[in-house]
Amino acid sequence: SKSDAGAAVEAVFENIRNAMKSGDTVSLVGSGSLSVSDRASRTGRNPRTGEEIQIAASRSPIFKAGKLLKDAVNSDRLV
């Protein structure tokens with residue numbers, strides 16, 4: 001049913017989020033992989049005032065497309 005499908009999709013995404021929170025890489029076979037990149041703190045500039053500001057360290061999700069996905073995007077045929 002639609003509600004069962006929605007619950008299954010939400011469970012998959014929750015597992016992906018939990019894995020990425022702990023720093024693991026998640027491989028989606030045929031599509032690519034998801035990982036986490038650590039960004040160091042740095043000094044930036046407020047574009048409105050030109051004042052220097054400190055940008056805090058953060059973690060960012062990274063998606064690296066796999067070969068099958070790249071080939072599908074770059075081809076004229078549907079996969």
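The first residue in the sequence is number 1, and the count goes up from there.
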Legend entry - CG on Leu28 to CG on Leu68, rounded to 0.5 Å: 12.0 Å

Inset, instruction - Search all heavy atoms of Thr25 against all heavy atoms of Ser33 and return the closest pair with its distance. - result: CG2-CB, 4.2 Å

Inset, instruction - Measure the shortest side-chain to side-chain distance between Gln54 and Thr43 over non-hydrogen atoms and say whether it is less than 4.5 angstrom. - result: yes

Inset, instruction - Determine the minimum heavy-atom distance between Val26 and Ala19, stating which atoms define it. - result: CG2-CB, 3.8 Å

Legend entry - Which atom of Met20 lies closest to which atom of Pro61, heavy atoms considered: CE-CB, 3.7 Å

Acceptor/donor pairs from residues 34-41 side chains to any protein atom, 3.5 angstrom cut, sequence neighbours excluded:
from: Asp38; atom 1: OD1; to: Arg59; atom 2: NE; distance (Å): 3.4
from: Arg39; atom 1: NE; to: Ser60; atom 2: OG; distance (Å): 3.4

Please tabulate, for the side chains in residues 6-18, all donor-acceptor contacts under 3.5 angstrom to protein atoms that are two or more places apart in sequence or on a different chain.
from: Glu10; atom 1: OE2; to: Arg17; atom 2: NH2; distance (Å): 2.7
from: Asn15; atom 1: ND2; to: Ala11; atom 2: O; distance (Å): 3.3
from: Asn18; atom 1: ND2; to: Glu14; atom 2: O; distance (Å): 3.3

